[in-house]
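Notes follow once the structure below has been shown.
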Amino acid sequence: IERLLTHLEPHVSRVVVCVGYRADDIRAALRHRAGQDIAFSDAGENADMGVRLIRAKEEHGIDDRCLICYGDELANVNLDALISHHERVSASMTFTVCRQRIPFGTVHGGRIFDDEDVLVNIGFVLVEPWAWRWVKLGDGLVDSINRAEGTSFYVHEGRRATVNSLAELEQAEGVWA
């Protein structure tokens, strides 16, 4: 989260961190950050993404364009290029994706394709105020993607790492070393 907030700092004026699992630890770890307006929203450890997002929006009066980021994804997304793309195509939501090689194959129409590149959502989502109508309680963010009209996808070509375990954290540190 520290690396993500450092990346976002020049581009965002306010940060709302949706916490759940180990919420007190996350609050304590981020309390020392100077220069960023950081607030927290806690919908509970088992809340789905839709509940977390809607609660944060209501608690903190989010009524303008916002950027939603997954806390377990690290990427050096060019935010100026993401915003430019989003505005150029007049999107309601723009999801940042990257190409990822799936070494064991993917399945399409009952056939397996070996070693295929696919586009993967990496959790940097630019959302216009009117697009919140597609975010529903009980949803994951993917449900909102599939329901929304006027979505766009921005392809990230830079560094990226997912961190869900200590082993992945070590791998990610290698990406950013």
Side-chain angles (χ1 to χ4, degrees), residues 1-53 55-56 66-83 85-86 93-108 112-127 139-146 153-177:
I1 292 175
E2 284 282 343
R3 203 175 293 274
L4 175 62
L5 292 176
T6 298
H7 179 68
L8 296 175
E9 193 167 20
H11 302 277
V12 299
S13 58
R14 183 170 63 137
V15 174
V16 177
V17 178
C18 296
V19 295
Y21 177 69
R22 296 185 65 183
D24 291 337
D25 292 337
I26 294 169
R27 282 187 192 93
L30 299 179
R31 200 164 284 136
H32 74 278
R33 288 193 64 87
Q36 262 181 326
D37 178 11
I38 299 177
F40 297 92
S41 178
D42 189 349
E45 189 170 322
N46 297 315
D48 59 56
M49 182 67 82
V51 170
R52 290 178 192 280
L53 293 175
R55 181 173 180 146
C66 69
L67 178 66
I68 298 169
C69 299
Y70 295 165
D72 61 353
E73 283 286 335
L74 299 175
N76 62 340
V77 174
N78 181 333
L79 295 173
D80 291 329
L82 168 61
I83 293 166
H85 167 84
H86 178 80
M93 296 182 189
T94 298
F95 294 83
T96 304
V97 297
C98 76
R99 296 181 207 299
Q100 181 172 321
R101 180 154 305 275
I102 306 297
F104 305 110
T106 57
V107 177
H108 302 277
I112 297 176
F113 296 86
D114 285 333
D115 231 13
E116 186 176 37
D117 277 348
V118 296
L119 294 175
V120 177
N121 174 17
I122 63 170
F124 283 70
V125 185
L126 203 54
V127 180
D139 275 1
L141 198 52
V142 171
D143 298 309
S144 301
I145 294 169
N146 291 328
F153 299 93
Y154 170 77
V155 180
H156 169 65
E157 301 287 349
R159 295 183 292 171
R160 171 198 172 234
T162 301
V163 180
N164 286 311
S165 67
L166 289 176
E168 288 176 341
L169 177 60
E170 288 176 17
Q171 242 180 340
E173 289 301 331
V175 169
W176 265 266

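- When all heavy atoms are compared, the tightest approach of N121 to Y70 is ND2-OH, 3.1 Å.
- Annotation for A75 and H156: closest pair CB-NE2, 3.9 Å, computed over non-hydrogen atoms.
- Under a 3.5 Å cut-off, the side chain of N76 and the backbone N or O of R159 do form a donor-acceptor pair.
- Taking CD1 from I122 and CD from Q100, the interatomic distance works out to 10.0 Å, rounded to the nearest 0.5 Å.
- Residues satisfying the side chain to side chain contact (heavy atoms under 4.5 Å, CB included) criterion with D24, sequence neighbours excluded, are R27.
- Heavy-atom neighbours of R14 CZ from other residues, nucleotides or ligands within 6.0 Å: above the threshold of 12.
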From CA spacing to verdict: side chain to side chain contact (heavy atoms under 4.5 Å, CB included), V155, E157: CA-CA 6 Å; V155 180; E157 301 287 349; 3.3 Å; yes
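- Distance check, rounded to the nearest 0.5 Å: CD of Q171 to OG of S165 gives 8.0 Å.
- The shortest distance between side-chain heavy atoms of I26 and I1 falls below 4.5 Å.
- Taking every heavy atom of both residues into account, R52 and G44 meet most closely at NH2-O, 3.2 Å.
- Closest approach of G20 and D42 over heavy atoms only: CA-OD1, 4.0 Å.
- Minimum heavy-atom separation, A23 to V19: CB-CG2, 3.6 Å.
- Between T94 and F124, the closest side-chain pair of non-hydrogen atoms is not below 4.5 Å.
- The shortest distance between side-chain heavy atoms of H11 and D80 falls below 4.5 Å.
- Using a cut-off of 4.0 Å between Lys/Arg side-chain N and Asp/Glu carboxylate O, E173 and R3 are scored as salt-bridged.
- I145 places a side-chain heavy atom less than 4.5 Å from the side chain of F153.
- Using a 4.5 Å cut-off on side-chain heavy atoms (C-beta onward), V118 and R99 make no contact.
- A search for side chain to side chain contact (heavy atoms under 4.5 Å, CB included) contacts involving I83 returns R65, E87, L126, not counting sequence neighbours.
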Apply side chain to side chain contact (heavy atoms under 4.5 Å, CB included) to the pair V127 and L67, showing each step before the final yes or no. CA-CA 6 Å; V127 180; L67 178 66; over 6 Å; no
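- How far CG of N78 is from OG1 of T96: 10.0 Å, rounded to the nearest 0.5 Å.
- Looking at R160, its side chain never comes within 3.5 Å of a backbone N or O of E73 through a donor-acceptor pair.
- L30 places a side-chain heavy atom less than 4.5 Å from the side chain of L5.
- The CG atom of D37 lies 7.5 Å from the OG atom of S13; values are rounded to the nearest 0.5 Å.
- Atom-to-atom distance recorded for D139:CG and N146:CG is 9.5 Å, nearest 0.5 angstrom.
- Proximity of H7 to L79: side-chain heavy atoms (C-beta onward) are separated by under 4.5 Å at one or more points.
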Audit row: C69, L4, side chain to side chain contact (heavy atoms under 4.5 Å, CB included) steps and yes/no: CA-CA 9 Å; C69 299; L4 175 62; 3.9 Å; yes
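- No side-chain heavy atom of S41 sits less than 4.5 Å from a side-chain heavy atom of V17.
- Of the inter-residue distances, the one linking I68 atom CD1 with S144 atom OG reads 8.0 Å to the nearest 0.5 angstrom.
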